[in-house]
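Below is one structure, written out as structure tokens, with a few remarks after it.
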Amino acid sequence: MNLEAVAVDLSTALKTITGLRVPPWGVEKITPPAAIIALPERITYDGTYGRGSDQYPDLTVVVLVGKPAERSARKAVAAYADGSGPKSVKEAIEAHTYSSCDSVRVAWAEFDEARYNAGGPYLAAIFHLDITGKGA
């Protein structure tokens with residue numbers, strides 16, 4: 001798998017959610033709501049014979065919504081964390097047809113306060129993805 005191609009595919013999937021911004025990697029400033037595609041925790045190579053498959057067992061997508069104490073931020077993050085629906089990150093990611101990998105699964109999500117560069121703090125939903133594809 002090519003990490004950049006996977007990130008482009010994920011960005012395309014996330015852009016199907018109306019109103020969710022998906023800035024390019026390395027952007028200095030974001031305007032929430034925004035989804036940041038992070039680097040995977042690790043890459044597992046050669047999951048099957050030879051170079052048959054590679055895996056990103058924990059690539060995160062961080063959705064930043066607004067100030068943590070604002071009720072509107074809690075409502076917004078709840079909609080992105082829904083298992084299905086028009087704002088569901090899980091549904092948008094798993095419904096997409098990928099050309100860069102074989103399977104993408106949103107394994108779990110957690111909530112936290114996060115900063116992005118000098119901005120924030122933001123209420124964040126952190127989605128943990130399990131991605132598998134052909135070894136390159």
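Atoms considered below: every heavy atom in the structure, side chains included; atoms not considered: hydrogens, waters and symmetry mates.
Legend: residues meeting side chain to side chain donor-acceptor pair (under 3.5 Å) with Thr60, ordered by chain and number and at least two apart, are absent. Listed by chain and residue number, Asp130 satisfy the side chain to side chain donor-acceptor pair (under 3.5 Å) test with Gln55 (two or more places apart in sequence, or in another chain).
Formation of a donor-acceptor pair under 3.5 Å by the Ser11 side chain with backbone atoms of Ala7 is not found in this model. Put simply, the side chain of Glu91 gets close to the backbone of Gly85: a donor and an acceptor are under 3.5 Å apart. With hydrogens and angles disregarded, no donor-acceptor distance shorter than 3.5 Å links the side chain of Lys75 to the backbone of Glu70. Looking at Ser88, its side chain does come within 3.5 Å of a backbone N or O of Asp82 through a donor-acceptor pair. Remark: side-chain polar atoms of Tyr56 are paired, donor with acceptor, to backbone N or O of Leu3 under 3.5 angstrom. Distance alone, capped at 3.5 Å, is enough to place a donor-acceptor pair between the Tyr98 side chain and the Ile93 backbone. In this structure a side-chain-to-backbone donor-acceptor pair under 3.5 Å is missing from Asn117 to Gly119.
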When the side chains of residues 100-109 are checked against the rest of the protein, which donor-acceptor pairs come out under 3.5 Å, sequence neighbours left out?
unit_1 : atom_1 : unit_2 : atom_2 : d
Ser100 : OG     : Asp9   : OD2    : 2.8
Asp102 : OD1    : Lys134 : NZ     : 3.2

Exercise. Could you go through the side-chain contact (heavy atoms from CB on, under 4.5 Å) check for Thr12 and His96 one step at a time?
Key: CA-CA 8 Å; Thr12 301; His96 183 71; 3.7 Å; yes
Exercise. Carefully, step by step, assess His128 and Glu110 under the rule side-chain hydrogen bond (donor to acceptor under 3.5 Å, both in side chains).
Key: CA-CA 8 Å; His128 296 263; Glu110 62 184 315; 2.7 Å; yes
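Between atom CG of residue Leu20 and atom NZ of residue Lys15 there is a gap of 10.5 Å, rounded to the nearest 0.5 Å.
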